[in-house]
Structure formats: C-alpha cells, structure tokens
There are 2 protein chains.
Amino acid sequence: MFSKSCEYGLRAVIFIAEQSTLQTKVGLKTIASAINSPEAFTAKILQILTRNNIVTSIKGPYGGFMIEEYRLKEITLSEIVQILDGDKIYTGCGLGLKQCDDKSPCPLHFKFIEIRNNLKKMLEENTLHDILFTDTEKNVFWLKT
Amino acid sequence: MFSKSCEYGLRAVIFIAEQSTLQTKVGLKTIASAINSPEAFTAKILQILTRNNIVTSIKGPYGGFMIEEYRLKEITLSEIVQILDGDKIYTGCGLGLKQCDDKSPCPLHFKFIEIRNNLKKMLEENTLHDILFTDTEKNVFWLKT
DNA sequence: CTAATAAAGGATAAAAAGATCCTTTTATAT
DNA sequence: ATATAAAAGGATCTTTTTATCCTTTATTAG
C-alpha cells in the first residue's frame with residue numbers, strides 16, 4: 001500500500017508524537033531502534049519531514065526531534081503520506097491507465113474510487129492526536145516489531 | 001496500489017476476456033498494443049497467468065491467448081492480484097509491522113483493516129464476467145491509454 | 001575557545017522492480 | 001518434411017527504491 005519510506009515515516013512520526021506528549025525530545029538512534037527501522041534511512045526520511053514542517057529538529061548535543069503540541073491536532077496522516085508517497089494513491093487508476101476518470105472510466109473505475117475514497121477519508125480525518133488517543137495499547141506496540 | 005506487473009496483468013486479462021466473449025483468440029502483439037504495455041514484459045506476465053490457469057495459451061501459427069467461456073464467471077480479480085502481487089495487500093500492516101493483528105494492533109490497525117476488507121471484498125466479489133458486463137463503455141476505453 | 005554531540009546533506013552501494021533480447025519449443029500450413 | 005508463426009523460457013540490462021557511509025554544519029557544556 002505505502003512505500004517503505006512512508007511506513008518508516010509514519011512510524012517515526014507517531015513515535016515522536018507520542019514522546020512529545022511526554023515533553024520528551026528524541027534522537028535518531030532512539031527513534032530507529034524504537035520503530036525498528038534502518039538508522040541512516042530513517043535519518044533521510046526525517047530530513048524530508050523536517051523540511052516539510054511535520055517534525056521540528058534540534059541540532060547539537062541534547063538535540064533530537066519533536067512535534068509541537070499544537071501541531072498534533074493539525075497534522076493528518078494524509079499530509080505525511082502525501083509528502084512521502086505523493087498523491088498517486090489518491091489519484092492513480094487501479095489499472096495504471098493515465099486517462100481514467102468519471103468521464104472515461106476503466107472497467108474498474110467506479111468500484112475502485114469507492115475504495116480509494118474510503119482510504120483518503122480515513123487518512124484525512126485522522127490527526128496525530130486522534131491516532132495517539134485511540135491507541136488501544138499505547139506505548140506498547142513498538143516493542144513488538 | 002498494485003505493482004506494474006499486476007496492472008498490466010489485469011489489463012491483459014480483461015482484454016483477453018473481452019475478446020474471448022467474441023470467440024477471438026488474441027496474440028501477444030495485439031494484447032500489448034491494445035493495453036499499451038511493453039511487449040516482452042507482458043509476455044512474462046502472461047506466462048505466469050498461463051501457468052496459473054487464468055488464461056489458456058496456444059502455441060504456433062494462429063496461436064494466442066484466450067479464456068474459456070465458463071471460466072469468466074469463476075475467475076475473480078482477487079485471484080489475479082494474488083498470483084501477481086501475493087497477498088501482502090490483504091494481510092500486510094499499514095505501517096509495515098510484522099507483528100500486527102487484532103490482538104496486538106498497531107495504532108492504525110483497526111482503521112486500516114476496514115479499508116483493506118473493503119478492497120478485498122471488492123476484488124473477491126468481482127469476476128471477469130462481472131467486470132465485462134458492467135463496463136460502461138465496453139471495448140472503448142482501451143484506445144485511450 | 002574547544003571538544004563533543006547530533007542533525008543535514010552529498011555520494012555511493014545493494015536490492016528489487018521493471019523491461020528487453022535472444023534462443024528454444026510447439027504447432028500449423030503448404 | 002520444411003518453413004513459418006507464436007508462445008516459453010533463460011539471460012541480461014535499466015531504473016527505482018531501499019539502504020549505508022562519510023563529511024559538513026550547528027549547538028551545547030565546560
């Protein structure tokens with residue numbers, strides 16, 4: 001569904017968000033080991049997320065990554081996915097046709113947009129805050145990757 | 001959503017199915033140009049689909065690919081997707097975690113399985129026959145890739 | 001000011017997906 | 001039987017994605 005970059009990105013952001021609610025800033029090593037992702041690759045993804053103002057980074061000793069409290073209710077999963085995977089997941093045809101829309105639909109078009117709209121809706125409706133506070137086993141799942 | 005192989009495969013199968021209802025067997029060149037896919041790559045995909053008894057191939061002059069009439073109501077989109085992309089689309093965690101299920105769910109788990117189940121249901125419920133006969137502009141869309 | 005720490009960023013490498021080429025096998029018409 | 005047409009299959013190449021390494025920049029404590 002999502003690229004590896006996007007999966008790592010989402011995991012990283014959710015983890016950072018979680019720690020941020022505890023007023024804790026986290027470094028790359030901590031993040032990568034918590035979410036079980038390759039460190040250097042995760043660094044690249046965090047750079048992108050930093051440039052796109054999803055996370056805030058602080059350089060130097062005692063530095064790390066964090067997300068401002070007020071941003072938790074603003075940032076949606078959709079934004080993160082769009083930054084890391086673009087919008088092909090929202091706009092792409094199921095059969096990969098360039099020209100496929102309501103006017104000239106592929107044979108799967110109408111069945112497909114239904115699914116895609118559900119996904120889109122879900123990603124747009126869920127902010128980091130929502131994800132953190134409907135988590136059934138908060139802070140626990142990370143240990144089981 | 002799907003890999004390129006799977007997109008080409010679905011397009012090829014739908015095209016072959018369409019032609020098969022007209023009692024017409026089609027060759028690789030015809031298929032690749034109709035569905036706008038790379039010929040040699042499409043050949044590989046058709047090999048896989050032949051081995052998996054989705055399409056029937058006939059070698060030699062006047063050969064080509066076809067789908068038996070009675071198979072049209074049996075073959076679902078789901079089968080084709082599973083053959084070409086495996087079942088990660090059905091079973092994989094949205095965040096890419098190995099261990100993620102109802103018992104130890106990732107933070108997106110319950111929101112995700114809803115989407116995935118919709119997709120699964122759609123692919124399982126639609127046979128080639130269904131796709132062919134709910135196509136709004138039958139035989140036309142291929143020309144517009 | 002210096003040493004140390006941590007993120008940023010450039011360059012490169014490895015793996016996977018996508019695509020092509022060429023030879024072999026099978027079947028058909030003449 | 002032979003020439004030909006078409007799919008099967010092996011080998012190889014290209015591109016994209018995933019991943020690593022190393023140098024530079026920024027920040028902090030002492």
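Per chain, numbering begins at 1; letters A, B, ... match sequence-line order.
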Is there a side-chain contact between B:D102 and B:H109 in this structure, where contact means two heavy atoms from C-beta onward sitting under 4.5 Å apart? yes
Distance check needed: [N] [atom2] versus [X] [atom1], whole Å only.
X     : N      : atom1 : atom2 : answer
B:F41 : D:dA7  : CZ    : P     : 18 Å
B:E39 : C:dG18 : CD    : C1'   : 16 Å
B:F2  : C:dG18 : CZ    : C1'   : 18 Å
B:N52 : D:dA8  : CG    : C1'   : 15 Å
B:I45 : C:dA19 : CD1   : P     : 8 Å
B:E7  : C:dA19 : CD    : C1'   : 15 Å
B:K88 : C:dA16 : NZ    : P     : 13 Å
B:N36 : C:dG18 : CG    : P     : 16 Å

Assign a letter to each nucleotide of nucleotides 3-13 of chain C from its 5' end: B, base within under 4.0 Å of a protein heavy atom; S, sugar-phosphate only; -, no contact. -BBBBBBBB--
Can you hop from [X] to [Y] via hydrophobic side chains spaced under 4.5 Å?
X     : Y      : answer
A:I89 : A:L97  : yes
A:V13 : A:F41  : yes
A:I75 : B:L108 : yes
A:I35 : A:F2   : yes

Is there a side-chain contact between A:S5 and the phosphate of D:dT17, meaning an N or O under 4.0 Å from OP1 or OP2? no
Using a cut-off of less than 4.0 Å, is there contact between a side-chain N or O of B:Y8 and OP1 or OP2 of C:dG18? no
Considering all heavy atoms of both residues, which atom of B:Y62 and which atom of B:K25 are nearest to each other, and what is their separation? O-NZ, 2.9 Å
